[in-house]
Amino acid sequence: MSTPVILLPVDGSEHATRATAYALKLAGLMSARVLLLYCHRPFPVKLGEPYFQHAIDKIKAEANALMEPFRSILAEKGVEFTDLIVEGPPGKKICDIARIESCELIIMGSRGRSDLKGLLLGSVAHRVLQQAPCPILVVR
């Protein structure tokens, strides 16, 4: 039997930090591994060299800086984890990764927008709730 995987998408917000606290608790209860995920904005494909590489380096550095506090929290608590930084729309990528990694659970933060506002603004949590292949815990 393989180790259960909890997917923890983060965006650097306080909501993601609260979701991380829940992931820590549930990972302990489930003897699960946490998959820490960040989805960055698309690379600017219309730039020529050397600007294109500079843009890629900057996006990667920002992504790693955003992930570092979450890595530290998980490591500090002794939770087994891996991390992944991917390019693309978070709602779609979260569901894709959950499917590919056969995740048992997704734990994510939400800003708590109303249903109407979430639909109009394209809420990531709303998209994940509609398309995820596994249960989701949304933390506000």
Side-chain angles (χ1 to χ4, degrees):
M1 187 170 174
S2 63
T3 304
V5 178
I6 296 173
L7 181 58
L8 177 63
V10 296
D11 62 2
S13 69
E14 181 59 35
H15 306 283
T17 301
R18 284 195 292 274
T20 302
Y22 280 90
L24 288 169
K25 290 176 192 173
L26 289 173
L29 291 171
M30 296 171 59
S31 298
R33 174 176 62 89
V34 172
L35 175 53
L36 185 62
L37 174 68
Y38 175 66
C39 304
H40 66 77
R41 68 185 184 272
F43 292 124
V45 294
K46 294 187 181 195
L47 291 178
E49 288 296 337
Y51 306 107
F52 181 68
Q53 190 58 51
H54 289 305
I56 288 173
D57 293 344
K58 182 179 178 190
I59 290 169
K60 285 182 176 180
E62 289 169 354
N64 276 306
L66 183 141
M67 292 277 277
E68 195 51 44
F70 298 98
R71 291 176 182 136
S72 294
I73 291 168
L74 293 168
E76 217 173 80
K77 298 295 182 180
V79 172
E80 181 186 348
F81 75 95
T82 54
D83 60 56
L84 185 60
I85 298 172
V86 297
E87 174 187 15
K92 180 180 181 338
K93 291 298 181 178
I94 291 167
C95 294
D96 290 348
I97 298 299
R99 210 172 280 106
I100 291 165
E101 296 291 331
S102 301
C103 294
E104 296 288 325
L105 178 65
I106 299 170
I107 301 176
M108 62 187 297
S110 172
R111 294 188 182 133
R113 293 182 179 139
S114 70
D115 285 339
L116 181 58
K117 258 190 172 174
L119 285 171
L120 293 175
L121 298 175
S123 164
V124 172
H126 188 268
R127 287 186 183 171
V128 173
L129 284 166
Q130 298 301 314
Q131 299 174 1
C134 61
I136 304 147
L137 173 60
V138 179
V139 179
R140 291 179 17 155

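Heavy-atom basis, side chains included; hydrogens, waters and symmetry copies ignored.
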So, taking the atom named [atom1] in [X] and the one named [atom2] in [Y], what distance separates them when rounded to the nearest 0.5 Å?
{"X": "R18", "Y": "S110", "atom1": "CZ", "atom2": "OG", "value": "10.0 Å"}
{"X": "S102", "Y": "L7", "atom1": "OG", "atom2": "CG", "value": "11.5 Å"}
{"X": "F81", "Y": "I6", "atom1": "CZ", "atom2": "CD1", "value": "14.0 Å"}
{"X": "E87", "Y": "I59", "atom1": "CD", "atom2": "CD1", "value": "7.5 Å"}
{"X": "R99", "Y": "I94", "atom1": "CZ", "atom2": "CD1", "value": "12.0 Å"}
{"X": "L137", "Y": "L8", "atom1": "CG", "atom2": "CG", "value": "10.5 Å"}

| task | Look at the side-chain heavy atoms of Ile, Leu, Val, Met, Phe, Trp and Tyr, link any pair under 4.5 Å apart, and say whether V5 and V86 land in one connected group. | result | yes
- State yes or no: do I73 and L35 share one hydrophobic cluster built from I, L, V, M, F, W and Y residues joined by side-chain heavy-atom distances below 4.5 Å, directly or via other members? no
Q53 meets the side-chain hydrogen bond (donor to acceptor under 3.5 Å, both in side chains) criterion, sequence neighbours left out, with D57
May I ask you to say whether R41 pairs ionically with E62, meaning some side-chain N is under 4.0 Å from a carboxylate O? yes
- Are any of the side-chain heavy atoms of I106 and V128 separated by less than 4.5 Å? yes
Nearest heavy-atom contact between S31 and P4 is O-CD, 3.7 Å
